[in-house]
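Protein chains get the first letters and strands the later ones, always in sequence-line order, with residue 1 at the start of each.
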Amino acid sequence: MIRAVKGTRDILPPDSHIWNRVEAVARNVMHSYNYSEVRTPIFEETALFARGVGEETDIVSKEMYTFDDKDGSSLTLRPENTASVIRAYIEHRLDQRPGLQKLYYIGPMFRRERPQKGRYRQFSQIGAEVIGSESPAVDAEVIEMVVEILSRCGLQGFHLIVNSVGCKECRPKFIARLKEDLTAKASQLCGDCQRRSTTNALRVLDCKIPQDQPVIDTLPSILDHLCETCAKHFSAVRTFLDDRGVAYEVRPRLVRGLDYYMRTTFEVVHGSLGAQNSVLGGGRYDGLAESLGSRVHSPGIGFSIGEDRLVMSVEEADPHANKDSIDLYIAPMGEAALRHSTTLARDLRRRGARVELAFEGKLKRAMELANKLNARYTLIVGDNEIASGLYALKNMASGEQENVTRDQLAERLYG
RNA sequence: GUGGGUAUAGCUCAGUCGGUAGAGCGCUGGAUUGUGGUUCCAGAUGUCGAGGGUUCAAAUCCCUCUACCCACCCCA
């Protein structure tokens with residue numbers, strides 16, 4: 001048997017309905033904030049991600065699906081979409097268009113990791129980018145919007161965390177300072193942290209081992225080491241979030257893994273997700289466009305929601321969210337009735353009803369199926385009905401049946 | 001890449017001391033030739049993950065492999 005490859009999966013009905021609903025909510029909310037959809041290719045030149053995401057990140061150094069094209073060029077299945085969106089922004093000179101560029105995307109990303117709960121090799125992200133402003137007011141609006149998407153999906157009990165990771169000026173100074181501290185204290189930390197002390201000092205701050213916390217608490221906080229510009233920016237972001245009534249926690253230890261993040265970073269966690277408890281992550285990336293070759297300064301901020309994880313959480317919040325139903329099940333009795341019913345079904349469908357037509361089988365069988373398909377009504381069409389013009393319409397919930405004309409039928413369905 | 005767990009019907013799982021395969025749900029048919037849900041009756045579906053070994057006999061014991069799940073790392 002050929003199976004879906006490791007880390008990929010089929011989204012079947014009725015689960016696919018939740019996916020559709022989540023996507024519809026996201027599109028609606030983003031539309032109301034005046035975002036427009038951008039669709040970039042699933043694969044790009046490998047160099048785009050190497051330069052955009054960062055050579056030293058785990059994503060680039062060990063998780064990319066990279067292959068050689070027949071002409072020898074190196075291509076990569078996108079592991080994330082911000083670099084692609086910025087590439088498109090530069091390539092098509094979107095900086096020349098009026099106003100901010102507010103773009104969103106929904107689609108699959110690819111990372112070759114060991115799969116586990118909430119982590120797949122092909123996974124879907126719902127993301128958005130605002131390019132063309134450094135204003136902290138933009139940061140606040142982006143964060144407000146993403147929280148709105150989660151709320152409108154019916155998600156409850158999620159937790160927003162924000163931080164500032166500084167800029168090219170203040171972050172390296174902070175990391176140097178942190179490493180200094182760590183060389184003295186590393187021996188008191190867990191094995192992982194001792195290793196991180198040299199390879200990825202910031203991650204030590206994010207360690208979850210309880211025994212390490214007392215030591216970690218003594219380490220310096222990046223928020224105390226921001227340069228003046230970054231500190232002012234972060235303070236303004238917080239003020240704007242407060243104005244908007246968005247609840248958040250400032251967590252100086254929040255570390256994001258992608259190289260391009262600077263200043264504002266944020267994350268939303270949810271308890272239902274297992275070890276991968278992050279349902280979305282985002283942040284500001286003011287230097288990214290230039291590092292990808294833009295001749296104009298194009299600061300930006302964006303986020304991406306892990307759609308698989310969001311769906312998982314939404315399902316948990318409302319296990320019946322994926323229940324499907326149809327408006328009308330038509331059960332024709334015999335050949336003439338079937339022919340009569342096909343045009344009837346077509347007319348009802350044209351007016352928007354969700355209609356299923358039984359092509360064969362006995363009436364009893366049709367009634368059973370109507371019930372299993374969760375039909376609101378079943379319509380029985382036989383010789384009597386065709387002759388009289390009165391159809392037998394059964395309300396499946398109440399069990400009541402009445403004889404109706406075509407117009408009355410439409411009234412029941414649409415009224 | 002490293003650990004741990006699991007693998008028996010479409011799904012969720014039981015299967016004792018090694019004795020040749022079970023339940024619930026679902027599916028199909030019937031009780032009811034034009035009426036679903038509840039009920040009753042009947043039925044179908046298994047490479048017991050794969051391969052090898054021990055044995056008169058293996059779902060069960062041993063070895064190897066594979067797949068999936070969870071976790072580490074890291075991230076959405």
Side-chain angles (χ1 to χ4, degrees), chain A residues 1-9 12 53 56-64 78-82 106-127 146 190-193 195-196 199-200 202-203 206-209 254-258 261 265-270 273-283 302-313 329 331-334 337 358 361-385 391-401:
Chain A
M1 182 173 54
I2 298 177
R3 313 159 56 110
V5 307
K6 184 197 288 290
T8 71
R9 60 205 181 122
L12 304 171
V53 178
E56 300 310 314
T57 60
D58 279 19
I59 291 176
V60 171
S61 64
K62 57 186 191 191
E63 295 173 1
M64 293 206 302
R78 62 183 187 191
E80 58 102 51
N81 208 30
T82 299
I106 299 176
M109 309 296 158
F110 305 85
R111 295 182 198 172
R112 197 179 186 292
E113 302 176 86
R114 279 290 279 271
Q116 67 189 77
K117 187 178 174 72
R119 166 181 293 161
Y120 307 97
R121 290 183 173 184
Q122 175 177 334
F123 59 101
S124 182
Q125 289 189 334
I126 301 173
V146 77
C190 67
D192 280 339
C193 283
R195 184 174 43 72
R196 291 183 191 125
T199 59
N200 192 351
L202 283 176
R203 279 224 69 90
D206 204 32
C207 176
K208 284 135 196 147
I209 309 275
L254 172 64
V255 174
R256 309 258 78 241
L258 283 58
Y261 284 126
T265 58
F266 54 97
E267 177 171 329
V268 169
V269 296
H270 193 264
L273 296 169
Q276 267 58 51
N277 65 352
S278 170
V279 71
L280 72 89
F303 63 83
S304 66
I305 299 170
E307 191 178 1
D308 304 71
R309 295 179 185 179
L310 176 56
V311 167
M312 203 183 296
S313 304
Y329 193 92
M333 313 286 302
K362 300 176 191 170
L363 178 60
K364 175 183 159 58
R365 176 70 185 143
M367 295 300 295
E368 282 173 4
L369 271 174
N371 187 54
K372 284 169 186 165
L373 296 176
N374 206 8
R376 279 169 61 213
Y377 292 101
T378 300
L379 190 74
I380 299 163
V381 181
D383 295 338
N384 301 342
E385 283 76 6
Y391 303 98
L393 181 69
K394 181 160 188 174
N395 180 321
M396 297 301 282
S398 68
E400 286 167 20
Q401 187 165 315

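For A:Lys117, whose side chain is taken as the heavy atoms from C-beta onward, the closest listed nucleotide among B:U35, B:A71, B:C68 is B:A71. The side chain of A:Ala275 has B:C72 as its nearest neighbour among B:U35, B:G29, B:C72. Considering only the side chain of A:Asp58, B:C74 comes nearest among B:U35, B:A76, B:C74. For A:Asn384, the listed nucleotide lying nearest its side chain is B:G34; candidates were B:C74, B:G34, B:U28. When distances are taken from the side chain of A:Glu113 to each of B:G36, B:C68, B:C74, the shortest belongs to B:C74.
Within 3.5 Å, a donor on the side chain of A:Arg111 pairs with an acceptor on the base of B:A76, or the reverse. Between the base of B:C68 and the side chain of A:Arg9 there is no donor-acceptor pair shorter than 3.5 Å. Contact of A:Gln401 with B:G34 (side chain to base): no donor-acceptor pair of N or O atoms is detected under 3.5 Å. For A:Asn371 against B:G36, a side-chain-to-base donor-acceptor contact under 3.5 Å is present. With hydrogens and angles ignored, no donor-acceptor pair closer than 3.5 Å exists between the side chain of A:Lys364 and the base of B:G34.
Pairing of B:C40, defined by two Watson-Crick or G-U wobble distances under 3.5 Å, is identified with B:G30. Shown here, B:G5 forms a base pair with B:C68; the pair counts as Watson-Crick or G-U wobble because both key distances fall under 3.5 Å. Across all strands shown, the partner of B:G24 is B:C11, judged by Watson-Crick or G-U wobble contacts whose two distances both fall under 3.5 Å.
In this structure, A:Gln122 places its CD atom 17 Å from C1' of B:C75, rounding to the nearest Å. Put simply, CD on A:Glu368 is 13 Å from C1' on B:U38, counting in whole angstrom units. When the P atom of B:C74 is taken as reference, atom CE of A:Met64 falls 19 Å away, rounded to whole Å.
Between A:Gln116 and the phosphate of B:A71, there is a side-chain N or O to OP1/OP2 separation shorter than 4.0 Å. At the phosphate of B:G34, neither OP1 nor OP2 sits under 4.0 Å from any side-chain N or O atom of A:Lys362. At least one side-chain nitrogen or oxygen of A:Arg203 sits closer than 4.0 Å to the OP1 or OP2 atom of B:C74. Distances shown here put every side-chain N or O of A:Arg114 at or beyond 4.0 Å from the OP1 or OP2 atom of B:G3. Remark: A:Lys372 is in phosphate contact with B:C27, judged by side-chain N or O atoms under 4.0 Å from OP1 or OP2.
Residue-to-nucleotide proximity on RNA chain B shows that, of A:Arg119 and A:Val279, the 5′-proximal contact is made by A:Arg119.
If you check every strand for non-hydrogen atoms under 4.0 Å, A:Ile380 touches a base.
Two residues are said to be in side-chain contact when any heavy atoms from C-beta on lie closer than 4.5 Å; A:Tyr329 and A:Asn371 fail this criterion.
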